[in-house]
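What follows is a single structure, written as structure tokens, with notes after it.
What you see is a predicted model; the values in this text were computed from it and never measured. Counting starts at 1 for both ligands and their atoms, following the listed order. Both backbone and side-chain heavy atoms feed into the values below; hydrogens, waters and symmetry mates do not.
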Amino acid sequence: MTLNSHGLFAERVTDVTHYTDRLFRFRVTRPQSLRFRSGEFVMLGLPSEGKPLLRAYSIASPSWDEGLEFFSIKVPGGPLTEKLQNIKPGDEILLRPKTTGTLVHDALTPGKRLFMLSTGTGIAPFVSIMRDPESYNKFGQLILTHTCRTVAELQYGIESVATTKADPLIGELAQSQLLHFASTTREASAHQGRITQLIDDKTFFKSLSLDEFDPAHDRIMLCGSMAMIKDIRAMIEPMGFTEGSNSEPGTFVVERAFVG
Ligand code: A2P
């Protein structure tokens, strides 16, 4: 696969699903030479007359998938998403060849349970991680949480968990090892409230019959709103969790979800 004059891969959109007026999912062809670790992001954009505007997008598909999947917000007036939300199959998408990120197994020390806490489009890297067989080898249990404003915004996560559990490669592992907890903050649903509040009042642990966080064997990944990340960090650091990076693995890792 060759790079264009800006050093970018030119790929094609294969599939677009709109969930709400704020959220959509799209799939693009994958450059054969693009290698990435589950949980990483890539710089993505649309062709334009001058230098293309690129934004960081977490890859939601696993590394064994022949296509690339992304889950995006639509921001009114957002420099990229205002146009990106109109893409159709066959349209061109540009990708920078290098992927990177901290929501990767390499940035965490070994543990027994992996908690993946997300809000909004922050679920995307975890959709990749929960479809990676390595996740089930490294951890006995994977617990995915997703908090959105409305029930409709939870749909992508619900669908992705169902697809993962039905997958011929990892379905059986996911059925026994993957737990999903979804909550809404601005509409009634089975679990209402911010994840911070539901951790604090123990609703989250009780409803999944889980023991509370313990840095001795739990590992935590955070992705979503800055405010959520800040609040969870303030909650788990005093418990003894320490932030990891690719060069120095720890017991939790963080990435803010792309907005704009
Ligand atoms: P809320 O509706 O109470 O603001 P957004 O759609 O704005 O990106 O937010 C995604 C989700 O993250 C919403 O459900 C929102 O709840 C929640 N959220 C926002 N701030 C925090 C926070 N500080 N801690 C936990 N969740 C938060």
Within the structure provided, determine whether Q155 and E159 are in side-chain contact (heavy-atom separation under 4.5 Å). yes

Enclosure of E172 CD (heavy-atom neighbours >12, cutoff 6.0 Å): no

For ligand 1, give me the residues whose heavy-atom distance to it is below 4.0 Å, by chain and number please. R22, T119, T147, C148, R149, T185, R186, R194, T196, S225, A227, M228, D231

Evaluate the ring planes of F71 and H146, with Trp represented by its six-membered ring, and classify them as parallel (under 30°), tilted (30 to 60°) or perpendicular (over 60°). perpendicular

List for me each residue that meets side-chain hydrogen bond (donor to acceptor under 3.5 Å, both in side chains) alongside K74, sequence neighbours excluded, and say none if there are none. H18

Residues pairing under side-chain hydrogen bond (donor to acceptor under 3.5 Å, both in side chains) where one sits in residues 101-112, two or more places apart or in two chains, turn out to be R37-D106, T102-E255, H105-S135, T109-R219

Could you list the donor-acceptor pairs under 3.5 angstrom formed between side-chain atoms of residues 234-243 and any protein atom two or more places apart in sequence or on another chain?
| unit_1 | atom_1 | unit_2 | atom_2 | d |
| --- | --- | --- | --- | --- |
| E243 | OE1 | R233 | NH1 | 2.6 |
| E243 | OE1 | R233 | NH2 | 3.4 |

